[in-house]
2 protein chains.
Amino acid sequence: MTALDIAEVARRSGVPASTLRYYEEKGLIASIGRRGLRRLFDPAILDRLALIALGRAAGFSLDEMAGMFTPEGAPRIDRATLATKADDIDRTIRRLVAMRDGLRHAAACRAPSHMECPTFRKILKAAADGAFTPPANRINR
Amino acid sequence: MTALDIAEVARRSGVPASTLRYYEEKGLIASIGRRGLRRLFDPAILDRLALIALGRAAGFSLDEMAGMFTPEGAPRIDRATLATKADDIDRTIRRLVAMRDGLRHAAACRAPSHMECPTFRKILKAAADGAFTPPANRINR
DNA sequence: GCTTGACCTCAAGTCGACTTGAAGTGGCAG
DNA sequence: CTGCCACTTCAAGTCGACTTGAGGTCAAGC
């Protein structure tokens, strides 16, 4: 039998058992049966978990990803959705590059106080205008 | 009198009054008095709020930023801290660039299923290895 | 002087993705 | 056959940054 029990899936995927149960409850994954109480999973679950990890990293919510599989378990991903997400990330990258450069400047700047540095004040103004505040993604944690 | 009441600060800064009260409670900002019940703020609060917005965008928590002001209200920012944060952001950027490129590929790839695309599988493996999962920043949101 | 309504306080709720804890179950080694 | 213990369920807790709601106050305009 090729079925994996939950501990084995956890070990191989690095995803905690509690998270696997949570994903199942959410409909993101499905077990193929039980041995006693214990869930058994098809080894293909590992690919699926990798895909979920990828989607999460790309900024998709668990709910969004629940719709990205066919009932048979094959990924069904709209290419336009991917392109849109890529564009989102691209905007985030631009924002972060500006932030990083601003921070590096502030770290290197020799003005006695940051408030006396024109560059820093310019960055501050941009921040006040919300230039760095994202609309509502959440690539990170 | 140059003091601004909370509604005026909210209007000029774009920060909701509820947030201003919350920031005060957290010790991030301070009012200079009251008119009746109403808080009055020094106009310098606007710079401070901009700095807080900048810090948040850079990934500092509110608690971290509470320590970045002198009792007099001047920013007191350790340059090494800034450099460290810049490096953090730089790592995030690299991660995001990889993600973005991966997504663009997946969006453009003509393989019948994503799972049949070698490039996609490579990305998937990287995701499974946690290559895209951040340690615990939180630039976004 | 009285009403109005923007402000006040304080506790509780929200959001997403999980984790934790208490109480129960059952396969398997001895 | 028994005991162990890794699993099970289900409810509740966590984290950060706020928001919301109920009930209260008071400066200002009429």
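Atom set for the values below is all heavy atoms of this structure, side chains included, hydrogens, waters and symmetry mates excluded. Here is the naming used below: chain letters follow the sequence lines, and residue numbers restart at 1 for every chain.
Among the protein residues, Thr19(B) comes within range of the sugar-phosphate backbone only, with heavy atoms under 4.0 Å from sugar or phosphate atoms but none that close to a base.
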Side-chain donor-acceptor contacts of residues 63-75 of chain B below 3.5 Å, not counting sequence neighbours, with atom names and distances?
residue  : atom : partner  : partner atom : Å
Asp63(B) : OD1  : Lys26(B) : NZ           : 3.0
Glu64(B) : OE1  : Ser61(B) : N            : 2.8
Thr70(B) : OG1  : Glu72(B) : N            : 3.3
Thr70(B) : OG1  : Glu72(B) : OE1          : 3.4
Thr70(B) : OG1  : Gly73(B) : N            : 3.2
Thr70(B) : OG1  : Ala74(B) : N            : 3.1
Thr70(B) : OG1  : Ala74(B) : O            : 3.3

Check residues 40-54 of chain B and write down every donor-acceptor pair under 3.5 Å in which the side-chain atom is one partner and the other belongs to a residue at least two apart or another chain.
residue  : atom : partner  : partner atom : Å
Asp42(B) : OD1  : Ala44(B) : N            : 2.8
Arg48(B) : NE   : Leu28(B) : O            : 2.9
Arg48(B) : NH2  : Leu28(B) : O            : 3.0

Using residues 105-128 of chain B as the side-chain source, report each donor-acceptor pair under 3.5 Å to any protein atom, sequence neighbours left out, with the distance given to one decimal.
residue   : atom : partner   : partner atom : Å
Ser113(B) : OG   : Met115(B) : N            : 3.1
Arg121(B) : NH1  : Met115(B) : O            : 3.4
Lys125(B) : NZ   : Asp129(B) : OD2          : 3.1

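In this structure, Arg35(B) atom CZ and dC7(C) atom C1' are separated by 11 Å, rounded to whole Å. Between the CZ atom of Arg11(B) and the C1' atom of dA6(C) there is a distance of 16 Å, given to the nearest Å. dT19(C) atom C1' lies 15 Å from atom NZ of Lys26(A), rounded to whole Å. We find that CZ of Phe41(B) is positioned 12 Å from C1' of dC7(C), with the value rounded to whole Å. Separating the OH atom of Tyr22(B) from the C1' atom of dA11(C) is a distance of 15 Å, rounded to the nearest angstrom. Atom pair Glu25(B):CD and dC7(C):P shows a separation of 19 Å (rounding to whole Å applied).
OP1 or OP2 of dT19(C) lies within a sub-4.0 Å distance of a side-chain N or O belonging to Ser18(A).
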Exercise for the section: Walk me through it: do Leu20(A) and Ile29(A) pass the test side-chain contact (heavy atoms from CB on, under 4.5 Å)? Expected result: CA-CA 8 Å; Leu20(A) 294 172; Ile29(A) 62 176; 4.1 Å; yes

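Contacts classified as salt bridge (charged side-chain N to carboxylate O under 4.0 Å, His left out) and involving residues 3-12 of chain A (residues at least two apart or in different chains) are given here: Glu8(A)-Arg11(A), Glu8(A)-Arg12(A).
Residues from residues 43-52 of chain B placing a heavy atom under 4.0 Å of any atom in DNA chain D do not occur.
Using five terminal pairs a side, the axes of the helix from dG1(C)-dC30(D) to dG30(C)-dC1(D) at its two ends make an angle of 20°, given in steps of 10 degrees.
In terms of the side chain to side chain donor-acceptor pair (under 3.5 Å) criterion, Arg79(A) has no residue partners (sequence neighbours excluded). Qualifying salt bridge (Lys or Arg N to Asp or Glu O under 4.0 Å) partners for Arg91(A), counting only residues two or more places apart in sequence or in other chains: Asp88(A). Residues passing the side chain to side chain donor-acceptor pair (under 3.5 Å) test with Thr19(A): none are found, sequence neighbours excluded. Take Arg38(A) and apply the side chain to side chain donor-acceptor pair (under 3.5 Å) test, not counting sequence neighbours, and it matches no residue. Residues forming a side chain to side chain contact (heavy atoms under 4.5 Å, CB included) with Ala86(B) (at least two apart in sequence, or on another chain): Arg100(A), Leu103(A), Arg104(A).
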Practice task
If a protein heavy atom is under 4.0 Å from the base, mark B; if only from the sugar-phosphate, S; if neither, -; do that for nucleotides 3-10 of chain D going 5' to 3'.
Solution key: ---BSBB-

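Between the side chain of Arg95(B) and the main chain of Phe132(B), a donor-acceptor pair closer than 3.5 Å is present.
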